[in-house]
Amino acid sequence: MPELPEVETVVRGLRGPLVGRTITGVSYDYPGGLVTPDGPIFAARIVGQTVQSIERRAKYIVIRLDPDTLIIHLKMTGRLYVVPNDHVDYADRWVHFNFQLDNGHQLRFSDSRKFGRVYLVGDQSEVTGRLGPEPLDDDFTLDAFRARIQGRSGTLKPLLLNQFFLAGMGNIYVDEALFASRLHPLRRADTLREADIARLYEAIRAVLREGIRREGASVNWYRKPDGTKGSAQDGLQVYGHAGDPCPNCGRPIEKTVVGQRGTHLCPDCQQ
DNA sequence: CGGACAACCTGGCGGC
DNA sequence: TGCCGCCAGGTTGTCC
């Protein structure tokens, strides 16, 4: 669920309460969620480090400490929020990491399905170094996208979900971008014409920007750091709309499986 | 390079 | 009301 717009919203919501804070302790009850370093080193190494800045790279939340970097991936059910030590929250039942801050607050990482991952590294590129370009960066131009997609032969949906091809898209926004560009999820990348590539490029950027503007899609688990829902789900055209009339032609939206993922499309509008 | 599939997990939901 | 079984999906790793 948390894709680029959701993670971007989380990052923006965490900056205020976290930047400038020093971590004074950490506890966790699911060692499997800690990728690196080894458990015995983790607490000793992070305690005493101060948050310098918070950024997003793909779907990773990158918290720059000094000298290390704390990186968190929410996967599907992860939630991050900062609350006073004595605050009781509904999502606390799934908290597996709890970072104590120097101002009587805590950064809590709740994750019911335990898919989320935590990294503490000296060099961010250990985790995010091989990811594809950021679709909303200024230097991700139409020319850059064209150069990247030319020479690829795979089907569009799995290609757009591939984080090494393009960073940040997930199941929701890929379905939306393909609908907006009138391209079928099974369309092969090497059959796209110039106009198709241009429409797809614009659609990717548009759906992601709209997702951020609406502060993410709370289809089920995703919440903003303040616990409230985003509203991007209200603007979705096809995702979660199986059987509903296509906003373009009125015929029913279909749900199928592409690349082992639930896929929503209008078979009449998307070719 | 690509595609299929299993694995990691557990809440929520449909069906009975 | 309660139980069973399946579905959801981000990422990695394996295999062909």
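Order of the sequence lines sets the chain letters (A, B, ...), proteins ahead of strands, with each chain counted from 1.
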Engineer: Could you tell me whether a side-chain N or O of R146(A) sits under 3.5 Å from a main-chain N or O of E194(A), the two making a donor and an acceptor?
Structural biologist: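 It does not hold such a pair.
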
Engineer: Check this one for me: any side-chain N or O of K75(A) less than 4.0 Å away from OP1 or OP2 of dA8(C)?
Structural biologist: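 False: K75(A) side-chain N/O out of range (4.0 Å or more) of dA8(C) OP1/OP2.
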
Engineer: Output the rounded distance in Å from NE2 (H264(A)) to C1' (dA8(C)).
Structural biologist: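 Value for this atom pair: 11 Å.
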
Engineer: What I want to check is whether the side chains of S125(A) and D123(A) have a donor and an acceptor closer together than 3.5 Å.
Structural biologist: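 Yes.
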
Engineer: Round to the nearest Å and state the distance from Y222(A) atom OH to dA8(C) atom C1'.
Structural biologist: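 After rounding, the reported distance stands at 18 Å.
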
Engineer: In whole Å, what is the span from the CD1 atom of I61(A) to the P atom of dT11(C)?
Structural biologist: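 Atom-to-atom, I61(A) to dT11(C), this comes out as 12 Å.
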
Engineer: Identify the 5'-most and 3'-most nucleotides of DNA chain B with at least one atom closer than 4.0 Å to a non-hydrogen atom of chain A.
Structural biologist: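 That gives a stretch of dG2(B) to dG11(B).
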
Engineer: Using the ring centroid of each side chain, check whether H73(A) and Y60(A) are separated by less than 6.0 Å.
Structural biologist: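 Ring-ring flag for H73(A)/Y60(A): true, centres closer than 6.0 Å.
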
Engineer: Under 4.0 Å between a side-chain N/O of H73(A) and OP1 or OP2 of dT11(C), yes or no?
Structural biologist: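 Indeed, a polar side-chain atom of H73(A) lies that close.
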
Engineer: Tell me yes or no: between the side chains of Y222(A) and Q233(A), is some donor less than 3.5 Å from an acceptor?
Structural biologist: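 No, no side-chain donor-acceptor pair sits under 3.5 Å.
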
Engineer: Looking only at atom P, what distance separates dC3(C) and dC9(B), rounded to whole Å?
Structural biologist: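 Nearest-Å result for dC3(C) against dC9(B) at atom P: 25 Å.
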
Engineer: Report yes if a side-chain nitrogen or oxygen of Q163(A) is closer than 4.0 Å to either non-bridging phosphate oxygen (OP1 or OP2) of dT11(C); otherwise report no.
Structural biologist: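 Checking dT11(C) against Q163(A), a side-chain N or O does come within under 4.0 Å of OP1 or OP2.
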
Engineer: E210(A): which residues meet the side chain to side chain donor-acceptor pair (under 3.5 Å) condition with it, sequence neighbours left out?
Structural biologist: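 With sequence neighbours excluded, E210(A) shows a side chain to side chain donor-acceptor pair (under 3.5 Å) to R213(A), R214(A), given in chain and number order.
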
Engineer: Rounded to whole angstrom units, what separation is found between the CZ atom of F165(A) and the P atom of dG10(C)?
Structural biologist: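 Whole-Å distance recorded here is 17 Å.
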
Engineer: Residues two or more places apart in sequence or in another chain: which of them pass salt bridge (charged side-chain N to carboxylate O under 4.0 Å, His left out) with K114(A)?
Structural biologist: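 K114(A) satisfies salt bridge (charged side-chain N to carboxylate O under 4.0 Å, His left out) with no other residue.
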
Engineer: Pick the nucleotide of DNA chain B nearest each of Y90(A) and R117(A); which residue has the one closer to the 5' end?
Structural biologist: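 Taking each residue's closest nucleotide, the earlier one in sequence belongs to R117(A).
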
Engineer: How does DNA chain B look in dot-bracket form if you count Watson-Crick and G-U pairs under 3.5 Å, write [ ] for pairs that cross, and put | where a base pairs with another strand?
Structural biologist: .|||||||.|||||||

Engineer: Without decimals, in angstroms, what is the distance between R261(A) CZ and dT12(C) C1'?
Structural biologist: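 Going from CZ in R261(A) over to C1' in dT12(C) covers 13 Å.
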
Engineer: Provide, to the nearest angstrom, the distance between the CG atom belonging to L131(A) and the C1' atom belonging to dT12(C).
Structural biologist: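 It is 13 Å, rounded to the nearest whole Å.
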
Engineer: Could you list the donor-acceptor pairs under 3.5 angstrom formed between side-chain atoms of residues 40-58 of chain A and any protein atom two or more places apart in sequence or on another chain?
Structural biologist:
unit_1 : atom_1 : unit_2  : atom_2 : d
R45(A) : NE     : D68(A)  : OD2    : 2.7
R45(A) : NH2    : D68(A)  : OD1    : 3.2
Q49(A) : OE1    : D66(A)  : N      : 3.3
Q49(A) : OE1    : D68(A)  : N      : 2.9
Q49(A) : NE2    : R45(A)  : O      : 2.8
Q49(A) : NE2    : D68(A)  : OD2    : 3.0
T50(A) : OG1    : T22(A)  : OG1    : 2.6
Q52(A) : NE2    : T50(A)  : O      : 2.9
S53(A) : OG     : E55(A)  : OE2    : 3.3
E55(A) : OE1    : R64(A)  : NE     : 3.4
E55(A) : OE1    : R64(A)  : NH2    : 2.9
E55(A) : OE2    : R64(A)  : NE     : 3.1
R56(A) : NE     : E8(A)   : OE1    : 2.8
R56(A) : NH1    : A58(A)  : O      : 2.9
R56(A) : NH1    : E134(A) : OE1    : 2.9
R56(A) : NH2    : E134(A) : OE1    : 3.0
R57(A) : NH1    : G132(A) : O      : 3.1
R57(A) : NH1    : E134(A) : OE2    : 3.0
R57(A) : NH2    : L131(A) : O      : 3.2
R57(A) : NH2    : G132(A) : O      : 2.9

Engineer: List in chain and number order the residues that pass side chain to side chain donor-acceptor pair (under 3.5 Å) with Q163(A), two or more places apart in sequence or in another chain; answer none if no residue qualifies.
Structural biologist: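 Partners of Q163(A) under the side chain to side chain donor-acceptor pair (under 3.5 Å) test: none.
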
Engineer: Any chance the rings of F140(A) and Y201(A) have centres within less than 6.0 Å?
Structural biologist: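 Under 6.0 Å, so yes.
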
Engineer: Measure the distance from CD on Q260(A) to C1' on dT12(C) and round it to the nearest whole Å.
Structural biologist: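 Going from CD in Q260(A) over to C1' in dT12(C) covers 14 Å.
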
